[in-house]
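All residue numbers refer to positions in the sequence shown, counting from 1. Note that these values count all heavy atoms, side chains included, but never hydrogens, waters or copies made by symmetry.
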Amino acid sequence: MAEVIASTIIEAVFKKLANEAVKQVVRAKGIHSELKKLGRTLSRIQALLNDAWNKEITSEAVQVWLSDLQHLAYEIDDILDDLATEALHNELTDQSRASTSKIRKLIPACCTKFSLSTRLYPKLDNITKKLQDLEKEKESLGLMVKSGSLEVKDDRPKDKNRVLETSLVDASSIVGRQGEKDELIDKLLGDDPRNKNFSIVPIVGMGGVGKTTLAKLLYNEKKVVSHFELKAWVCVSDEWDSFQITKVIFQYVGGEWDDKKFKTFDLLQVALQDKLRDKKFLLVLDDVWTESYKDWETLVRPFSVCARGSKVIITTRKDQLLKELGCSQVNQLQCLSHDDAVSLFCQHALDANNFDLYPTLKPHGEDIVEKCKGLPLALIALGRLLRRKKTDEVGWKEMVDSEIWSLKEGGGIIPALKLSYHELPASLKQLFAYCSLFPKDYLFNKYDLVLLWMAEGFLHQSDLSKSTKERLGHDCFEELLSRSFFQHVPDDDEPLFVMHDLMHDLATSVAGEFFLRLEKEMGKDVRKLALEKLRHMSFVREKYEPYKKFEGIEGAKGLRTFLSVGIVGMKELWQRYYLSNKVLVDLLPELQFLRVLSLSGYEISEVPESISKLKHLRYLNLSQTEITHIPEYVCDLSNLETLILFGCYRLTKLPNNFIKLKRLRHLDIRDTFLLKVLPVGVAKLKSLQTLSKIIIGGENDFSINQLKDFENLHGKVSIQGLEKVKNATEAREANLSQKRLTEFEVEWSDASRITPMETTENAILDALKPYNDCLEKLRIVNYLGLEFPKWVGDPSFRQLARVFIRGCKNCTSLPPLGQLQSLKELSIQDMGDVKVTGSEFFGSGLAFPSLETLRLEGMSGWEVWSTNSRSGIVDSVFPCLKKLHIIHCPNLVEFSFEGDEVFPCLQELNIDDCPNLVEVSVEASLLSLRVLRISSCGDGLLRSLVHVAPSVTKLEIESISGLTNEVWRGVISDLKALEELDVSRCDGIRYLWESKEAEASSKVLVNLRMLEVTQCKNLVSLGEKDEEEYNYGSNLLSSLSSLMVYYCENLKHLSCPNNIETLKIRNCNSITCVSFFSKGGGKNLKSVQIGECNEKLMIKEELGEGGEKNRLLINGKRMPMLENVWIYGNPNVAPIIEFGGNFIHLTTLIIRYCNGTAESLFADLQLPSLASLTTLDIRDCPSMDVPTAGLWPPNLRVLSIGRLKKPIAEWGPQKFPASLVDLTLNGGKEAATNWSELSHLNLPSSLTQLCIYNFKKLETFSEGLQHLTSLQHLFISFCPKIKNLPEKLLPSLLSLDIRGRCPNLKERCRRGGSYWPQISHIPYI
């Protein structure tokens, strides 16, 4: 199907040949006749394309012929683009104004650059000869000139206001799955007969049969939603990644992601386990491909604690894994019956359920349905295609007779889908094929995709005066969407789209050898490709990108696209990606014809000078990099249309010669917080359509009325420095009411006018009213007026979903935002003069009908929030509100809402620093409230809220004044559903429950799973009798699984429930004893962390009568399930841990900063018995020693060790296991000066990461490490005398990290240092 790209490129070639500026340069270079001859040959070949279009379906020879033609068309286009670029350069340097004779005088200077005599003539002659050879092949291929020509123009309906259909349908439009749905719902709601906590509900079937659609139906079914407490949906796709899947599940069930906190997979799984404990949980794993039982076993470890009846829906094309999991009867989801297939096809083709109204189309339609074999994806795709031909019987018959139906299903691609592609207009085929550059399940932003299409030259306008290329691109995207080549992805922030896997396979298939998506493990295959034909390449970002990955790409001299993409688009803020500097310095200069260059997301600190040589470049994406400025040489990119600098948080300066970028249409500088000035001349770039950040004033003296010249400005716009706008007339001239903005931010600086003119400020903001039909997000910052203009809150802004107002300190009232019908998120901050919120805020009728999140913060003057009779509000408010945050409102005294249904959907309430708010008064209980956070408030507020919120499952309180033991006793009596409790800085509490209330408390806290207590300085113990009766309360807190106590300086005794699984005690300096409620406690314990506690902790003499049998002793017999042990800052390690038993589940053991004098814990043969241990960290423990036999746990992967009883040089020979991949050595007082003195360590060749820390005397380790051929990461810190590196290991390194005091080595490794040539290829230095 290469005729598509060939035809569109040929069209572009003829347009450039007709360009007057290009003609002028061509004449000046004396190559007019050569190009004319080439054009004639190309025109004759173009006439053959209509016949080739049909014959390539079945003829491989024609496919090869078209591929060769496409290659030559690319080469011709590159030459003409060279000439067009030179024409543009002449124009920019005023050469275009000179006479032809004057231009001819300048030819020698131009030609020295172009090497005319040695490059252009031979190249044109060679291309012309190859074209003539292709033309001669027409006889042997049977190609002939057909009447008409291949259609490359836009054949879509010209009604711009039509309603575009989409392939996504609601539940009522899904055909033929009711039986399967009912059967699966019964399985989801039923119990597992095998008495397991969770069971699997498989949906198995071929691609496109509707597995995901059926899963979505189940996931959103009302009965299912109400049955399960927690739900999560994960799209797994081709590559199984247990960490990523677990992370997504964790976030779905309410976990807050923290990259620093979850450094290991184990920590993440423990956190997920805490979230799932005793919860009925539904998980959908969509599109599973793995057949590895080990993958599955690793993922589901945390699921063992969820409530019985939990379910996991798996959609997959393969059933091998399901069989291994015991799913003996796996029913395949069948294709639709003929009747259902007809109904589905007719819905999409005819807006009907059958052919009754279209009798002439029925026989052809029945044939098409039969050929689709009941596959929903194929039926929908062809139905969408044929809905444009409702009256075209011939068109329907042609589709029935197409030869594509006779093709084999190569690569699993169904002929019906190939046919839907084949019937696309040529221009859309090229755009669809381009999407093969993105990985499966990639989330497409259509605006970003259109900019890429434009840069590649794919968008050809037939009439330049009627529309823009961007508008044409959006229309093309909507056309592909309406034909089911894309699908909607529901998202609150922005519209995103995804391709079905089969559509993605189809795009990859038709893209052919001109496109390459470079993925993991593909570098070695690059040389096998026909690199001379490769034009478009993408690669999925990985953390470390070595130059080796791209070796061979320099041979693709005609490459136009070098595109980095994330797995799902935008990178997360915590992620870091590192690209080898050698790629920037050595590879990019070889790719002279690049039009698209994206280095987005990499830790790049400066723009490489090599970019300035890429004169064909249209699209440059440096977003979310570390660059601080854009150098002047970027302005030499005269063809540049799109420059994306979004998220460059260190960017401070744009180049002074910005005006040279005459063709720039899109400049995205959102979230560039340090950029304070726009460059000189930006106002003269009249083609700009995106200018996301506008800074009034500055060195450029940019005035707001200059925005009127940007006729096509649209999208996201932020205007800063509005205090410099003189009057409303100036603002009105910006003409924003005619610009289609989706996001609009206006900001006055903190250092605004000394004497603001309130009426002027109001008039200025009023004059900046944006176009109301498109606006989705509004932000107003530091506005100086007394009141807001009427358009703020006007219900005519029907799409407005997010509003943020901050720092408007002069306003005494809020705008009527309650009447915005689509508003979902509202944040109001730092408005100190607002005292009352009432009818002026809510408006009349139903208020805030769609609002889900409300944040009110820093309202220092706010006193009353009420909907009682005095407020004038009588109708319902906040019917959909889910999250409410009230923060730092010190004068708020009244919070009262009347009505039978107050906050009916409220799930999360956070009140912080409102000391004068005594209570919350609501007439109806907050039955949906699950999460309650109260901080820096009084006990009255706490009591009033827990009394009206009987369903709260998570309570966090901090610094509650007046909270005594007596008050707290009344509070917990209302917490009958509580599962998580976090108490911090509540100094009035001595015990969490009194002895005489223990029996009542045990009933109240029966569901408590997690308890965290922090900095309660008067807390003595959890229960009043804990320190006296060690067996007391054996029935108390029976559900508690996680107990954490931090910084409670007077806590003396901690009595733990028998069934806990996680125990953490830190910085409790008075504690002397930790025990269980009764003998046998600790059998479920999986994780223990004890740090910086009293040196008398757990010494037997301190236990008291009966304490010995109940005391906490980390022991494999008492704690058979133990997986993680962290002990640090405790002098007496020996009384805490005992290795007499076998820790068969222990995976992580960390002992640090334990300075006692006891002998080593580890006798020989004890460490080797820890078969499950994968992570071991023992440092700064001067009484401990390594095993004399040098034996270690057999499956150890991560080891950190050092500063023990003996220096490393005195250890005996070590026998590290072959599983070890990560080793950290802490030298401390180590005397070794040469690594050869440490050769007895016998480091295994399996190491991928080596950290050398604190070797004060070490001078060299250039030898002794040569055998570490797998090493990828080398970390050296605080080694002041070290001077050299193990040079043989440098080529394979992905990261080289030199920190602390290593002056000699740092000097040699800096840019320009003696080591730089050997290490510059390393991605992270």
Side-chain angles (χ1 to χ4, degrees), residues 242-243 263-267 269 292 294-295 297-298 301 1114 1116 1122-1127 1137 1139-1152 1160-1179 1181 1184-1227 1230 1235-1253 1261 1264-1275 1286 1289 1292-1294:
S242 295
F243 188 94
K263 289 186 177 180
T264 68
F265 182 48
D266 180 69
L267 291 172
Q269 283 210 317
S292 168
K294 187 175 180 181
D295 284 343
E297 190 177 37
T298 301
R301 285 173 188 158
I1114 301 172
L1122 204 59
E1123 297 175 359
N1124 303 284
V1125 175
W1126 292 33
I1127 302 173
I1137 188 167
F1139 278 87
N1142 186 15
F1143 291 91
I1144 60 174
H1145 295 292
L1146 192 65
T1147 60
T1148 302
L1149 174 60
I1150 298 174
I1151 303 175
R1152 300 192 62 183
S1160 172
L1161 289 178
F1162 306 113
D1164 288 344
L1165 302 180
Q1166 285 187 333
L1167 280 179
S1169 70
L1170 302 177
S1172 297
L1173 196 70
T1174 58
T1175 300
L1176 177 61
D1177 184 342
I1178 306 176
R1179 284 181 281 178
C1181 299
M1184 300 182 64
D1185 208 346
V1186 295
T1188 56
L1191 297 174
W1192 299 86
N1195 296 303
L1196 192 65
R1197 293 182 57 80
V1198 181
L1199 173 62
S1200 300
I1201 196 163
R1203 297 186 63 169
L1204 305 182
K1205 188 173 183 179
K1206 293 179 183 178
I1208 297 175
E1210 296 180 18
W1211 295 358
Q1214 299 300 305
K1215 299 175 183 178
F1216 293 116
S1219 58
L1220 191 65
V1221 294
D1222 186 340
L1223 174 63
T1224 297
L1225 295 172
N1226 189 332
E1230 195 66 43
W1235 191 262
S1236 61
E1237 299 174 46
L1238 305 175
S1239 60
H1240 59 283
L1241 293 178
N1242 298 318
L1243 301 185
S1245 59
S1246 56
L1247 282 182
T1248 60
Q1249 178 163 308
L1250 176 61
C1251 301
I1252 307 297
Y1253 179 77
F1261 71 134
L1265 299 174
Q1266 294 91 334
H1267 66 291
L1268 301 182
T1269 53
S1270 298
L1271 197 68
Q1272 296 178 338
H1273 309 282
L1274 180 58
F1275 179 96
L1289 301 180
S1292 63
L1293 288 185
L1294 297 178

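- Not a single donor-acceptor pair under 3.5 Å links the side chain of S1246 to the backbone N or O of V1221.
- Taking each heavy atom of N1242 and Q1214 in turn, the nearest pair found is ND2-O, 3.3 Å.
- For W1126, the CH2 atom sits in a loose shell: 12 or fewer heavy atoms of surrounding residues, nucleotides or ligands are nearer than 6.0 Å.
- For the atom pair CG (L1268) and OG1 (T1248), the distance works out to 10.5 Å, reported to the nearest 0.5 Å.
- Counting non-hydrogen atoms of neighbouring residues, nucleotides and ligands closer than 6.0 angstrom, the CZ atom of R1197 reaches no more than 12 such neighbours.
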Would L1238 and E1230 satisfy side chain to side chain contact (heavy atoms under 4.5 Å, CB included), going step by step from the backbone distance to the final call? CA-CA 10 Å; L1238 305 175; E1230 195 66 43; 4.1 Å; yes
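- Here the straight-line distance linking atom CD1 of I1252 with atom OG1 of T1224 works out to 8.5 Å at 0.5 Å rounding.
- Residues L1271 and L1293 form a side-chain contact, since some pair of their non-hydrogen atoms from C-beta on lies under 4.5 Å apart.
- Considering only heavy atoms from C-beta on, R1179 stays 4.5 Å or farther from R1203 through its side chain.
- Here the side chains of L1220 and L1247 are in contact, with some heavy-atom distance below 4.5 Å.
- Annotation for R301 and E297: closest pair CG-O, 3.4 Å, computed over non-hydrogen atoms.
- Considering only residues two or more places apart in sequence or on other chains, W1235 meets the side-chain hydrogen bond (donor to acceptor under 3.5 Å, both in side chains) condition with none of them.
- Here the shortest heavy-atom pairing between P1217 and P1193 reads CG-O, 3.3 Å.
- For the pair F1216 and L1243, the minimum side-chain heavy-atom distance is below 4.5 Å.
- Atom OG of S1270 and atom CD of Q1249 lie 13.5 Å apart (nearest 0.5 Å).
- Within the model, atoms CG of L1167 and CG of L1149 stand 8.0 Å from one another, a figure rounded to the nearest 0.5 Å.
- Taking all atoms of both residues into account, the shortest heavy-atom contact from I1201 to W1192 is CD1-CH2, 3.5 Å.
- The side-chain contact (heavy atoms from CB on, under 4.5 Å) search around T1175 returns T1148, V1198, not counting sequence neighbours.
- Pairing each heavy atom of S242 with each of D295, the nearest pair is OG-O, 3.9 Å.
- Distance check: I1144 CD1 to S1169 OG gives 11.0 Å after rounding to the nearest 0.5 Å.
- With hydrogens and angles ignored, the 3.5 Å screen pairs a side-chain donor or acceptor of H1240 with a backbone N or O of I1208.
- Distance check: K1205 NZ to D1185 CG gives 6.5 Å after rounding to the nearest 0.5 Å.
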Would you check, one step at a time, whether the test side chain to side chain contact (heavy atoms under 4.5 Å, CB included) holds for W1211 with K1206? CA-CA 7 Å; W1211 295 358; K1206 293 179 183 178; 4.1 Å; yes
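- In this structure the side chain of I1150 never reaches within 4.5 angstrom of the side chain of V1125, judged on heavy atoms.
- Within the 4.5 Å cutoff, the side chain of S1172 has no heavy atoms near those of the L1146 side chain.
- Looking at L1204 and I1178, their side chains come closer than 4.5 Å, going by heavy atoms from C-beta outward.
- Of all heavy-atom pairs spanning P1286 and L1265, the tightest one is CG-CD1, 4.2 Å.
- Contact of the L1122 side chain with the N1124 side chain is not registered, since no non-hydrogen atoms from C-beta on lie closer than 4.5 Å.
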Would N1195 and L1173 count as a side chain to side chain contact (heavy atoms under 4.5 Å, CB included) here? Give the steps. CA-CA 6 Å; N1195 296 303; L1173 196 70; over 6 Å; no
